[in-house]
Amino acid sequence: MEIDSKLPDVGVTIFAVMTALSNENNAINLSQGFPDFDVSPELVALVDRHMRAGHNQYAPMQGILPLREAIADKVKQLYRATYDPITEMTVTSGATEALFCAITSVVKPGDEVVMFEPAYDAYVPVVRLSGGIPVFVPLHHPSYHIDWREVRRAITARTRLIILNSPHNPTGAVLSAEDISELIGLVSKTGVLIVSDEVYEHIIFDDIQHESMACYPELAERSFVISSFGKTYHTTGWKVGYCLAPPSLTREFQKIHQFVNFATSTPVQHAYAEFMRNPGTYSPLAGFYQAKRDFFLSLIESSRFRPIDCRGTYFQLLDYSNITDEPDIAFAKRMTLEHGVAAIPTSVFCHNGSDQKVLRFCFAKKDETLRAAAEILSRI
């Protein structure tokens with residue numbers, strides 16, 4: 001049967017493609033963003049305990065209250081922001097679900113949505129499914145900074161939403177206080193809303209402060225702030241995230257959420273609620289991953305790859321222009337097939353396939369994995 005597809009030019013994501021290619025060729029997978037080291041045994045034990053305690057049925061649609069209260073406490077401690085666990089918070093099945101619900105809850109046909117490229121690949125399809133029009137503003141290589149003059153030119157009377165991501169996947173760039181000042185000036189006295197993808201909020205380096213939308217009342221009042229337990233606790237397969245938003249936005253968000261999956265894993269929510277009460281479960285994360293980043297960079301120092309500054313996330317961009325002029329997709333596939341290391345080409349994060357001869361490598365790996373990959377990279 002012929003189907004008139006709503007996303008005719010969308011296929012399997014590059015992450016699935018590169019992971020499959022890596023598995024088929026027994027390559028070291030530095031492409032897809034997940035750790036290869038173990039989850040905290042204490043956290044696993046908590047999930048087990050709550051399963052055995054009978055917490056195995058549907059959770060409330062908004063998420064269990066103890067977890068929402070724990071999130072509220074963390075946000076107040078870190079960002080001096082107060083969110084009501086009853087009216088301003090929703091637990092979701094991963095940050096991607098939260099992004100879907102946030103975008104679809106406010107974007108209507110013909111609305112324009114400003115986003116920055118390279119962009120995480122989930123944004124554009126959801127905007128298009130809602131009938132929205134993506135408006136792309138480039139992040140400028142190699143620092144991947146925002147030119148706010150270009151953003152102002154992109155804003156029109158039809159602009160409904162701006163999508164931000166900091167720390168930024170795939171570039172590792174981080175919003176500065178100056179960026180926040182520009183953003184406040186841009187949206188004040190407008191009806192423009194914000195989706196702020198902050199899933200790497202705890203993975204930020206070199207003593208830089210994470211500029212959450214939650215920190216700034218004039219931004220928080222118009223923002224969906226989205227984060228992820230998977231990134232924080234090395235549990236990407238458990239798929240639990242959350243969204244903070246003022247009551248009017250949360251109501252619209254939950255109208256969508258209740259028909260997407262209604263509720264998220266109950267025993268896992270209970271486990272997170274207990275585990276995150278101790279700030280020591282997330283506060284060391286920046287130092288942990290900064291050490292991983294620095295270790296990986298030290299190992300490839302003699303290679304022909306050139307690192308681009310990474311201020312956050314667990315991804316490192318490497319410029320390979322000293323090695324070959326091949327398009328990044330072709331080189332990424334050849335590197336996997338011939339050399340046994342998989343990475344992600346960054347052109348797939350741009351609607352026009354902009355190719356800057358840069359690959360994304362995930363360093364959320366065991367030291368031995370990084371050492372083995374770096375030994376290969378240094379020979380290319």
Side-chain angles (χ1 to χ4, degrees), residues 71-83 88-89 95 98-99 102 113-120 123 137-140 142-152 154-155 161-188 190 192-229 231-232 241-246 249 279 282-287 289-290 293 308-315 317:
I71 294 167
D73 289 345
K74 184 195 82 166
V75 171
K76 188 171 185 178
Q77 176 187 347
L78 289 180
Y79 307 129
R80 303 174 304 283
T82 300
Y83 282 86
E88 298 183 301
M89 196 173 299
L99 290 165
V113 179
V114 174
M115 62 188 74
F116 301 91
E117 286 193 323
Y120 180 58
Y123 305 151
V137 176
L139 297 172
H140 290 275
S143 65
Y144 294 100
H145 67 276
I146 297 172
D147 184 334
W148 288 97
R149 294 169 299 181
E150 295 181 3
V151 183
R152 289 189 191 92
I155 299 293
L161 187 66
I162 298 173
I163 300 178
L164 295 165
N165 176 206
S166 180
H168 184 263
N169 174 17
T171 70
V174 172
L175 290 176
S176 67
E178 291 75 17
D179 290 319
I180 295 297
S181 179
E182 292 279 4
L183 179 62
I184 290 172
L186 184 73
V187 300
S188 65
T190 75
V192 175
L193 302 174
I194 296 169
V195 167
S196 187
D197 180 350
E198 302 182 16
V199 299
Y200 297 100
E201 61 177 321
H202 300 300
I203 308 176
I204 192 165
F205 310 137
D206 306 317
D207 297 320
I208 297 172
Q209 176 180 315
H210 172 52
E211 299 288 353
S212 174
M213 298 301 111
C215 292
Y216 300 90
E218 55 269 75
L219 297 178
E221 69 183 7
R222 65 178 72 232
S223 294
F224 299 93
V225 179
I226 293 167
S227 194
S228 164
F229 291 109
K231 303 298 189 296
T232 301
Y242 60 88
C243 178
L244 312 173
L249 294 183
Y282 56 80
S283 57
L285 204 60
Y289 275 120
Q290 182 168 330
R293 178 200 67 177
I308 293 170
D309 281 349
C310 167
R311 301 295 185 87
T313 78
Y314 45 52
F315 302 114
L317 295 189

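We're numbering straight along the sequence, starting at 1.
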Study note, to complete from the structure: d(Leu164 CG, Asp179 CG) to nearest 0.5 Å is 9.0 Å
Exercise for review: Please round to the nearest 0.5 Å and tell me the distance separating atom CG of Leu186 and atom OG of Ser181.
Suggested key: 11.0 Å
Study note, to complete from the structure: The reported gap from NE2 in His202 to CG in Leu285 (rounded to nearest 0.5 angstrom) is 7.5 Å
Check your understanding: Do Val113 and Val195 have side chains that get closer than 4.5 Å, going by heavy atoms?
Key -> no
Point to revise | Check: Val187 main-chain N/O paired with Thr190 side-chain donor or acceptor under 3.5 Å | key: yes
Review point. Between Ser166 and Leu175, is there a donor-acceptor pair closer than 3.5 Å when you use the side chain of the first and the backbone of the second?
Key: yes
Review point. Centre of Tyr83's six-membered ring, under 6.0 Å away, within 45 degrees of the axis: is that where NZ or CZ of Lys76 sits?
Key: no
**Study point:** Val192 vs Leu161 side-chain heavy atoms within contact, under 4.5 Å
**Key:** no
**Study point:** Atom of Cys310, atom of Arg293 and distance for their closest heavy-atom approach
**Key:** O-NH1, 2.8 Å
Point to revise | Distance-minimising heavy-atom pair for Ser188 and Gly185 | key: OG-O, 3.4 Å
**Study point:** Check: Ala214 main-chain N/O paired with Ser212 side-chain donor or acceptor under 3.5 Å
**Key:** yes
Review point. Looking at side-chain heavy atoms only, is the closest gap between Phe205 and Ile203 below 4.5 Å?
Key: yes
Point to revise | Test item: side-chain donor near acceptor, Ser227 and Glu198, under 3.5 Å | key: no
Check your understanding: Parallel, tilted or perpendicular: which fits the ring planes of Phe315 and Tyr200, with parallel below 30° and perpendicular above 60°?
Key -> perpendicular
Practice item. Please work out whether the ring planes of Tyr314 and Tyr289 are parallel, tilted or perpendicular, with thresholds of 30° and 60°. Key: tilted
Point to revise | Partners passing side chain to side chain contact (heavy atoms under 4.5 Å, CB included) against Gln209 (at least two apart in sequence or in another chain) | key: Glu211
Review point. Residues two or more places apart in sequence or in another chain: which of them pass side chain to side chain donor-acceptor pair (under 3.5 Å) with Arg149?
Key: Asp147
Review point. For the residue pair Met213 and Ile180, what are the closest heavy atoms and their distance?
Key: CE-CD1, 3.6 Å
**Study point:** Those residues that, when tested against Thr171, pass side chain to side chain donor-acceptor pair (under 3.5 Å) (two or more places apart)
**Key:** His168
**Study point:** Asn169 CG to Asp197 CG distance, which is reported to the nearest 0.5 Å
**Key:** 8.0 Å
Exercise for review: Scan side-chain atoms only and decide if Glu150 and His140 contain a donor-acceptor pair under the 3.5 Å cut-off.
Suggested key: yes
Check your understanding: Below 6.0 angstrom between ring centroids: does that apply to Phe116 and Tyr144?
Key -> no
Exercise for review: Step through the shown structure and confirm whether more than 12 heavy atoms of other residues, nucleotides or ligands are within 6.0 Å of CZ on Arg222.
Suggested key: yes
Check your understanding: Can you tell me how far CD1 of Ile71 sits from OH of Tyr242, rounded to the nearest 0.5 angstrom?
Key -> 5.5 Å
Check your understanding: Going by heavy atoms in the side chains, are Glu178 and Trp148 under 4.5 Å from each other?
Key -> no
Check your understanding: Under a 4.5 Å cut-off applied to non-hydrogen side-chain atoms, are Val75 and Thr82 in contact?
Key -> no
Point to revise | Cys243 side chain near Met89 side chain, heavy-atom distance below 4.5 Å | key: no
Practice item. Look up atom CG in Asn165 and atom CG in Leu139, then write down how far apart they are to the nearest 0.5 Å. Key: 9.5 Å
Review point. Does any N or O in the side chain of Glu201 come within less than 3.5 Å of the main-chain N or O of Ile226, such that one atom is a donor and the other an acceptor?
Key: no
